[in-house]
Amino acid sequence: MSDAVRYIHTQVQAQIEIERMRAINRANYAHRKQSMREDPEYNARLRAAQSEAQKTFHNKKRTTIEDDSLHVDIRKNANRMARVRRMARETQNILDTQERENMIEKLRQRYMYFI
């Protein structure tokens, strides 16, 4: 029997052949990974490619958010909320001032009536 051609006659032989091929594939994979880890040029190219991919991903995400009309811009939203609060505060101050003036007028009328 040669290594190139294997005759398999039973299920046990088939299972043994499958395990042997898996072991060979794992060893080849481990050897390739080890040689890649030890290659400084490969590592430099890998880091550059990862950095470039990360930059591309962030730029794509930023443009997607900027182009989305339904996306709430945090700065715009904060400014809008501050403007609404400021207008509500001003309106409340005006109402408080009017109420105070009405109260002062009622007090004057009440005490002027008794004098």
Side-chain angles (χ1 to χ4, degrees):
M1 213 164 32
S2 71
D3 286 339
V5 177
R6 293 191 178 265
Y7 294 102
I8 300 172
H9 298 288
T10 64
Q11 183 67 31
V12 173
Q13 287 175 331
Q15 190 63 35
I16 291 171
E17 182 64 18
I18 289 171
E19 290 300 322
R20 187 181 75 79
M21 291 305 294
R22 283 184 185 159
I24 291 171
N25 288 337
R26 277 195 302 267
N28 287 340
Y29 177 77
H31 178 69
R32 278 195 318 269
K33 287 292 271 187
Q34 185 65 27
S35 63
M36 282 191 276
R37 280 192 208 114
E38 292 172 354
D39 184 13
E41 185 179 316
Y42 173 79
N43 288 330
R45 280 185 282 133
L46 181 64
R47 278 195 299 275
Q50 286 174 344
S51 175
E52 194 62 35
Q54 196 174 28
K55 286 178 187 174
T56 304
F57 173 77
H58 288 302
N59 286 339
K60 185 177 177 184
K61 184 176 178 180
R62 182 179 43 77
T63 54
T64 301
I65 288 172
E66 288 173 353
D67 294 342
D68 187 6
S69 62
L70 298 177
H71 184 78
V72 176
D73 183 13
I74 293 173
R75 191 170 293 126
K76 280 184 185 176
N77 195 30
N79 290 340
R80 181 188 58 79
M81 288 169 45
R83 186 174 60 246
V84 167
R85 283 190 215 108
R86 193 170 34 253
M87 289 174 56
R89 198 176 315 121
E90 289 171 1
T91 304
Q92 190 60 44
N93 286 341
I94 290 170
L95 291 174
D96 289 345
T97 304
Q98 289 175 350
E99 185 67 27
R100 198 174 308 117
E101 289 173 359
N102 288 341
M103 187 63 71
I104 291 171
E105 184 61 34
K106 287 180 181 178
L107 284 172
R108 282 187 187 146
Q109 289 175 2
R110 181 176 183 184
Y111 288 112
M112 290 301 261
Y113 179 74
F114 289 117
I115 295 180

Separation between CZ of R110 and CE of M103, rounded to the nearest 0.5 Å: 10.5 Å
Backbone N/O of R47 and side chain of S51: donor-acceptor pair under 3.5 Å: no
CD1 (I104) and CD (E99) are apart, to the nearest 0.5 Å, by 11.0 Å
Test of understanding: clusters of I, L, V, M, F, W, Y form through side-chain heavy atoms closer than 4.5 Å, transitively. Do M36 and L46 belong to the same one? yes
For E19, does the CD atom have more than 12 heavy-atom neighbours from other residues, nucleotides or ligands under 6.0 Å away? yes
4.5 Å side-chain heavy-atom contact, R32 and Y29: yes
Quick check for you: to the nearest 0.5 Å, what is the distance between N59 atom CG and Q54 atom CD? 11.0 Å
Decide side chain to side chain contact (heavy atoms under 4.5 Å, CB included) for R45 and Y42; before the verdict, give the C-alpha distance in whole Å, the side-chain angles of both, and the deciding distance to 0.1 Å. CA-CA 5 Å; R45 280 185 282 133; Y42 173 79; 4.0 Å; yes
Could you walk me through whether Q92 and R89 satisfy the side chain to side chain contact (heavy atoms under 4.5 Å, CB included) test, starting with their C-alpha distance in whole Å, then the side-chain angles of each, then the deciding distance to 0.1 Å, before giving a yes or no? CA-CA 5 Å; Q92 190 60 44; R89 198 176 315 121; 5.7 Å; no
Does the side chain of N102 come under 3.5 Å of the side chain of Q98 through a donor N or O and an acceptor N or O? no
For N77 and R80, which heavy atoms make the closest approach, and how far apart are they? OD1-NH2, 2.7 Å
Flag the pair N28 / I24 as yes when at least one side-chain heavy-atom distance between them is below 4.5 Å, and no otherwise. yes
Is H58 close to K55 at the side-chain level, that is, under 4.5 Å between some pair of heavy atoms? no
Say whether, by atom type as modelled, one donor and one acceptor occur between the side chain of N43 and the main chain of E38 under 3.5 angstrom. no
